[in-house]
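Here is the naming used below: chain letters follow the sequence lines, and residue numbers restart at 1 for every chain.
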Number of protein chains: 2
Amino acid sequence: MEKAASQRASDVAYDKIRQFVLSGTAEPGEQLTEEQLARISGVSRTPVREAVRRLENELLIVRSGSKRLFVADWSADDIDEMFILRGMLEGHAASRAARNITEQMLEELATVSDVLDAAVQASPPDIAAFLAQNRRFHDIILEAARSPRLSAILPTLIEQPVVSRTAQQYRVDELLQSARDHRELIAAFAARDAHWARAVMTSHIRRAFHAFSITAVRRKEQRRAND
Amino acid sequence: MEKAASQRASDVAYDKIRQFVLSGTAEPGEQLTEEQLARISGVSRTPVREAVRRLENELLIVRSGSKRLFVADWSADDIDEMFILRGMLEGHAASRAARNITEQMLEELATVSDVLDAAVQASPPDIAAFLAQNRRFHDIILEAARSPRLSAILPTLIEQPVVSRTAQQYRVDELLQSARDHRELIAAFAARDAHWARAVMTSHIRRAFHAFSITAVRRKEQRRAND
DNA sequence: CGATAGACATTTGTATACAATACCGTCAAC
DNA sequence: GTTGACGGTATTGTATACAAATGTCTATCG
C-alpha cells in the first residue's frame, strides 16, 4: 500500500535506478550512461533523465564536469554530515509537529508504536516490521510538521540503506530504547511541548548515528578477521 | 563571470522561468503550461521539463493533484519557515567553515568585505553592489563548509527576491550592522572558532528576518494608504 | 432544475531521431 | 620521449511526434 503503483515510467525508472545504486549492484564511482539505465529500467531515455535529475538532487548520483553520470561515493564525513543535518531537521520537524499535530495523527502514532513494540519484543525481533513501522512513524511526524520545505528536504537525507544497516545491527536493548523514544515522542506531542519533542528526537537520531558508527567499526574488524 | 554562459537550453529555460515566476510577472497560483513556458524561454518542451523539475524542487512551482503546474503561493508561515531553516543551516555552514576554511578563502572574504563596506558607506548606499557582494560572501562560506549536502539544500532556501526586498528596505544603520556581521564572521573564521561563527551567522539571519518582516508591515500600510 | 455521462479539448508523459559536445586514442612534430 | 592536435566514438542535449491522461463543456435524463 505504501510503495504502490507508480504508473509513470519516470517513477519506475526512479525506483529501479535507486535500487540499482543503493543495493550496491553498482560500484561507487562507477560510470552510468542514460542508455544503460534505460535498459535496466525498461523505459526510454526521456523518463530516465527525469529520474536521474531527482537522484542527482539526492546526491545518489553525481555529474562529472557537467555531463557524465557516476554513482556517488560517500565519505565518512558525508555520513556524519547526514546525521547532523538529520538531527537538526528532524528535531525541528518534531518541534513543529508538537504544535500542529492533530488528535487523529496522535492516535495513528500510538497504533504504529504498538505494532513497533510487538516487532521489537518478538524473539527474534522482527527487523523488517521494525523498519516499516519506524518509517511510518517518522513520516507521520513529517506530515504533522506541515512544512513543505521540510517535506522536500528531509527525505533526501534519510537513505533507507543507512537506516536499515543501522537497525540490522541494533542490539535488543537498543531496539527497546528506540521504541521507548517513540513513546516519549508521543507523550511530548500530547503535551504540545515543542522543546521536549525536539530534545527526544535529537537524541533519538544521535543514538542511531552512534549505532551506525559502531556497525562500521564491527564491519572493519570483521574484514580484518577475514584476511 | 558569475552567471556566465549557461549554454544548455535547459539552463536558459531555468533562468527565464525562474525570473518569470519571481519577478511577479506571473501571479501566485496562476497555472503554467509547459508549452507556454517553452514559448517564453524559446526552447522546446523537453528542456522546459527539466527546468520545471528543478523549480518544483525549490517549491517555486507546485503541481496540483498530480499533473498541472502552478506558480507557488507562499504563506507567511512559509516565509518564517524559510528563515528558520536558513538560520539553522547557514549557522551550521558557518560552523563547518570555521573548521575548514583556507587562508586563501579568508583573504577572499576580506576583499569582498572591503567592497561591501564601500558600497554600504557610499551615499546613497549602493544596494545592487551590496547584494552582489553579500551573495558572494555567503557563497564563499558555503564553499568553505565543504558539505555537498548543504550546497545542494541551502541555495533552494535563499530566494534572491526575498534577500533583495529585505536589503532594499534596510535602513543605513541596518546595512552597517550587516557589514559589521561580515567582519565578525571573518574574525571568527580566523580564530577557527566554530561556535562563534555559528552564533554570529544565526543572529545575522535572524536580523534579516526581522528586517524583512518590517518591510511586510510597511507595505501593508502603504497599500492601505493607497486605498 | 440538477446531476451525470460522454465527447472533445487541453495538457502532460513517453519514445525516437538527430544534433552537439565531450572523451580518448592515435599519430606526428619537436 | 613528451606534448599537442586531430579525428573517431561514445554520451549527453534537444526537438518533435504521438500516446495517455486529465479537465471541461454540453446534452440528456431523472
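- The base of dT16(C) lies close enough to the side chain of Thr46(A) for a donor and an acceptor atom to sit less than 3.5 Å apart.
- Across dT12(C), dT14(C), dG13(D), the shortest atom-to-atom separation from the side chain of Arg63(A) is found for dG13(D).
- Side chain of Arg8(B), nearest nucleotide from dT14(D), dA17(D), dA15(C): dT14(D).
- Going from atom CZ of Arg49(B) over to atom P of dA15(C) covers 12 Å, rounded to whole Å.
- In summary, Asp11(A) and Arg18(A) do not engage in a salt bridge, as defined by a charged side-chain N under 4.0 Å from a carboxylate O.
- Note: CG (Leu37(A)) to P (dA15(C)) measures 14 Å, nearest angstrom.
- Of all nucleotides listed (dT11(D), dT12(C), dC18(C)), dT12(C) comes nearest to the side chain of Arg68(B).
- Taking 4.0 Å as the cut-off between side-chain N and carboxylate O, Arg136(A) and Asp139(A) do not count as a salt-bridged pair.
- Atom CG in Leu69(A) sits about 12 Å away from atom C1' in dG13(D), given to the nearest Å.
- Checked against dT11(D), dG13(D), dT22(D), the side chain of Lys67(B) finds its nearest nucleotide in dT22(D).
- Remark on DNA chain C: of its neighbouring residues Glu35(B) and Pro47(A), the 5'-side contact belongs to Glu35(B), judged by nearest-heavy-atom nucleotide.
- You'll find that the side chain of Glu34(A) is closest to dT12(D), out of dT12(D), dT11(C), dT14(C).
- In the set dC18(D), dG13(D), dT12(D), the nucleotide with an atom closest to the side chain of Thr33(A) is dT12(D).
- Backbone-only engagement by Leu32(B) is indicated by non-hydrogen atom pairs under 4.0 Å involving sugar-phosphate atoms exclusively.
- The phosphate of dA15(D) has OP1 or OP2 within less than 4.0 Å of a side-chain N or O from Ser44(B).
- With hydrogens and angles left out, the side-chain atoms of Arg198(B) and Thr202(B) include no donor and acceptor closer than 3.5 Å.
- Ser178(A) and Asp181(A) share no donor-acceptor pair across their side chains, judged by distance under 3.5 Å alone.
- Arg39(B) places its CZ atom 15 Å from the P atom of dA15(D), with the value rounded to the nearest Å.
- Each salt bridge (charged side-chain N to carboxylate O under 4.0 Å, His left out) pair with one or both residues in residues 140-152 of chain B, not counting sequence neighbours, would appear here, but there are none.
- In this structure, the CD atom of Gln31(B) is 11 Å from the C1' atom of dT12(C), given to the nearest Å.
- Note: CZ (Arg45(A)) to P (dG13(C)) measures 19 Å, nearest angstrom.
- Distance, Glu50(B) CD to dT14(C) P: 14 Å, rounded to whole Å.
- One interatomic measurement links the two molecules: CZ of Arg54(A) to P of dG13(C), which rounds to 12 Å at whole-angstrom precision.
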